[in-house]
Amino acid sequence: GPDATLIGRRLDSVVAEEAIARRRAAAAPVADVVEMKMKAAHFRRLLGNGWCEIDVDDLRAMLGSFTKVQS
């Protein structure tokens with residue numbers, strides 16, 4: 001009914017916003033190995049708890065942020 005449609009639209013909106021936030025977090029630069037480990041641990045917790053599935057583009061963005069770390 002109308003309530004299910006409204007809830008579905010709201011849920012779609014929230015899921016889309018969450019995906020954008022996750023992509024930004026994945027692409028955010030890291031300054032050092034400590035930040036890299038924190039970011040990796042965060043995404044591991046998200047996946048481990050079944051809170052989300054990481055999109056291939058999110059994974060690429062996260063790995064790309066790791067390649068820019070100065071050793």
Side-chain angles (χ1 to χ4, degrees):
D3 288 339
T5 301
L6 181 60
I7 291 170
R9 287 184 189 148
R10 287 181 181 166
L11 182 59
D12 289 345
S13 176
V14 168
V15 168
E17 289 174 18
E18 191 270 336
I20 291 168
R22 191 173 53 249
R23 176 69 49 87
R24 286 182 182 151
V30 291
D32 54 30
V33 175
V34 172
E35 287 184 7
M36 183 187 327
K37 287 180 179 182
M38 288 183 348
K39 183 189 272 193
H42 170 74
F43 278 91
R44 183 178 20 195
R45 279 192 306 275
L46 289 177
L47 290 169
N49 291 326
W51 291 336
C52 73
E53 294 180 9
I54 293 185
D55 179 278
V56 172
D57 291 330
D58 292 343
L59 182 59
R60 286 185 182 135
M62 183 170 58
L63 293 175
S65 74
F66 292 168
T67 64
K68 298 172 184 144
V69 173
Q70 299 296 318
S71 56

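Counting from 1, the numbers follow the sequence of the chain as shown. The structure presented is a predicted model; accordingly, all values stated were derived computationally and were not measured.
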CE on Met36 to NZ on Lys68, rounded to 0.5 Å: 12.0 Å
Contacts of Glu35 that satisfy salt bridge (Lys or Arg N to Asp or Glu O under 4.0 Å) - sequence neighbours left out: none
Nearest non-hydrogen partners of Ser65 and Ala27, listed with the distance: CB-O, 4.0 Å
Contact summary for Val69 and Val30, nearest pair of heavy atoms: CG2-CG2, 3.1 Å
Residues that Arg23 engages under salt bridge (Lys or Arg N to Asp or Glu O under 4.0 Å), provided they are two or more places apart: Asp55, Asp58
Pairwise side-chain contact, Leu46 with Ile54, heavy-atom cut-off 4.5 Å (strictly under): no
In one Ile/Leu/Val/Met/Phe/Trp/Tyr side-chain cluster, 4.5 Å: Val15, Phe43: no
Listed once per pair and sorted, the salt bridge (Lys or Arg N to Asp or Glu O under 4.0 Å) pairs that draw on residues 2-20, sequence neighbours left out: Glu18-Arg22
Donor-acceptor under 3.5 Å (Lys39 side chain, Pro29 main chain): no
